[in-house]
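Let me begin by presenting the structure, written as structure tokens, before commenting on it.
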Amino acid sequence: MKAALRSIGVRILAAGIAVAATVTAAVAAEPPILVGQSAVLTGPLTPNSLAFMEGQTLFFDQLNKAGGVGGRPVKVITYDDAYVAEKAAANAEKLLGTDRVVCLFGAMGTGIGAAMVPVAAKYDSFIFGGLTGAAVLRGPKVPIYHMRESYADEVRRVMTHLTTIGVTRIAIVSSDDAYGKGIEKDAVEALEKNKHPALLSLRFNPKDTDLSATAQQVTASGAQAVYVIAAGMPAINVIRALVAAPVHPQIYTNSVASSFLLYKELGERSRGIVLSQVVPPFWKTRFPIVDEYQRAIKSAGGGGEGSYLGLEGYITAKAFAEALQRVKGPITTESLKRSIENSPPMNLSGFQVAFRPDNRNGSSFGDITMLGSGGKFAQ
């Protein structure tokens with residue numbers, strides 16, 4: 001995985017523009033289908049973004065080698081936003097206004113999505129997929145088609161699980177940004193609904209690296225479990241401070257916390273951390289979509305086992321390609337939108353996706369996993 005991410009990062013940074021697909025001679029004669037992406041290529045959240053893109057690249061490479069869509073390659077133009085909202089908005093403007101992409105694809109994060117939505121609306125376009133489950137970016141009037149369940153759904157699943165196993169003293173620790181605040185609200189509401197209000201709710205600056213004081217407040221509270229709401233390195237930093245304590249509550253977090261990064265940074269101290277997930281276990285090939293993903297990794301010469309984020313990127317790209325293939329007539333922003341909303345449900349090698357004009361949430365898949373020894377998962 002580490003080598004794969006480094007390879008993608010080098011390709012992106014060297015070119016300035018990332019084409020997340022290999023345009024082969026067989027399809028090079030036809031004009032490409034241009035898709036626009038604003039991604040996190042620099043900064044502390046880069047590992048999540050690159051892992052997500054790794055899965056997309058695997059699929060689009062396969063697609064283009066097989067002839068693309070109607071003989072046309074899919075070309076993803078990617079610009080770095082460094083997880084800065086203003087940069088993401090500028091990228092969206094350039095992609096839609098200058099590059100003339102058919103739509104935006106795979107944005108990362110709540111704040112980033114919120115910055116890009118007005119630009120997409122300005123051009124009567126939309127965003128397909130992305131690493132966010134925020135409630136503020138969902139609804140029939142928000143121009144984003146989601147390929148993952150909402151953060152609220154993830155939170156409810158975890159809180160119901162905790163209540164079921166008799167854990168009632170629960171602390172919440174969230175990053176003080178749009179992402180953290182939104183999920184914090186969902187977590188507090190879920191606990192109140194279960195008649196066990198949060199024992200403690202803290203926010204931390206995601207730019208801080210020393211979060212020992214935050215960890216001390218959590219351990220002193222007597223919490224049985226702590227739900228960490230953060231992504232990338234900010235999540236690692238707060239969890240690092242928690243596991244440094246001689247005794248700490250059971251740690252729970254959600255799907256964008258990055259399981260492979262947890263083990264890379266924390267080693268065996270990551271053992272026992274529980275994460276909710278929005279795609280099937282990436283190593284269990286009894287799921288047809290996972291078997292397909294794993295075969296794609298081997299075919300591309302990748303030496304890693306993949307990741308949850310990589311699988312999510314692969315599924316997102318596969319669903320997007322399916323929507324393109326279902327377009328009747330010329331592929332335009334409007335015809336693609338009709339294809340997404342009005343086509344029958346998609347069966348993506350066993351992974352079910354369905355959109356409607358009044359529902360832009362394509363998947364409701366959810367799971368809960370625990371990190372075991374050696375960074376492997378125990379379910």
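For the pairing with V102, the side chain to side chain contact (heavy atoms under 4.5 Å, CB included) check across L96, L34, V35 returns one residue only, V35. Of the residues I144, N91, I127, the one that meets the side chain to side chain contact (heavy atoms under 4.5 Å, CB included) test with L104 is I127. When the options V117, D81, V84 are evaluated for a side chain to side chain contact (heavy atoms under 4.5 Å, CB included) with I112, the one that passes is D81.
Among residue pairs with one or both ends in residues 196-206, those qualifying as side-chain hydrogen bond (donor to acceptor under 3.5 Å, both in side chains) are E184-S201, E184-R203; sequence neighbours excluded.
Residues meeting the ring pair (Phe, Tyr, Trp, His ring centres under 6.0 Å) test with F365, sequence neighbours left out: F351. Every residue two or more places apart in sequence or in another chain was checked for a side chain to side chain donor-acceptor pair (under 3.5 Å) with K193, and none qualifies. Taking F320 as the reference, F105, F128 meet the ring pair (Phe, Tyr, Trp, His ring centres under 6.0 Å) condition, with sequence neighbours excluded. Remark: Y227 engages no residue in a ring pair (Phe, Tyr, Trp, His ring centres under 6.0 Å) (not counting sequence neighbours). Among residues two or more places apart in sequence or in another chain, the side-chain contact (heavy atoms from CB on, under 4.5 Å) test is passed with T132 by T110, A134, L137, H146, Y151.
Looking only at distances, no side-chain donor or acceptor of Q294 sits under 3.5 Å from a matching main-chain atom of T285.
The minimum heavy-atom distance linking P206 with D177 is given by the pair CG-OD2, 3.8 Å. Residues S307 and A51 come closest through the heavy atom pair OG-CB, 4.1 Å. N361 and F355 get closest at one heavy-atom pair: C-CE2, 4.1 Å.
To the nearest 0.5 angstrom, L162 atom CG is 9.0 Å from T160 atom OG1.
Not less than 6.0 angstrom separates the ring centroid of Y293 from the ring centroid of F282. F52 and Y314 have their aromatic ring centers separated by at least 6.0 angstrom.
Using modelled atom types and a 3.5 Å distance limit, the side chains of Q37 and Y79 yield no donor-acceptor pair. Side-chain contact annotation: S335 with T332, donor-acceptor N/O pair under 3.5 Å present. A donor-acceptor contact closer than 3.5 angstrom is absent between the side chains of R138 and S150. No side-chain donor-acceptor contact under 3.5 Å links N237 and T209.
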Exercise. For D80 and T42, run side chain to side chain donor-acceptor pair (under 3.5 Å): C-alpha distance rounded to whole Å, both residues' side-chain angles, the deciding distance at 0.1 Å, then the answer.
Key: CA-CA 7 Å; D80 182 20; T42 54; 2.7 Å; yes
Practice problem: Give the C-alpha distance, both sets of side-chain angles, the deciding distance and a yes or no for salt bridge (charged side-chain N to carboxylate O under 4.0 Å, His left out) between D176 and K181. | Solution: CA-CA 6 Å; D176 193 7; K181 292 174 185 176; 3.6 Å; yes
Quiz item: For S363 and Q352, what are the C-alpha separation, side-chain angles and deciding distance, and is it a side chain to side chain donor-acceptor pair (under 3.5 Å)?
Solution: CA-CA 7 Å; S363 171; Q352 305 299 319; over 6 Å; no
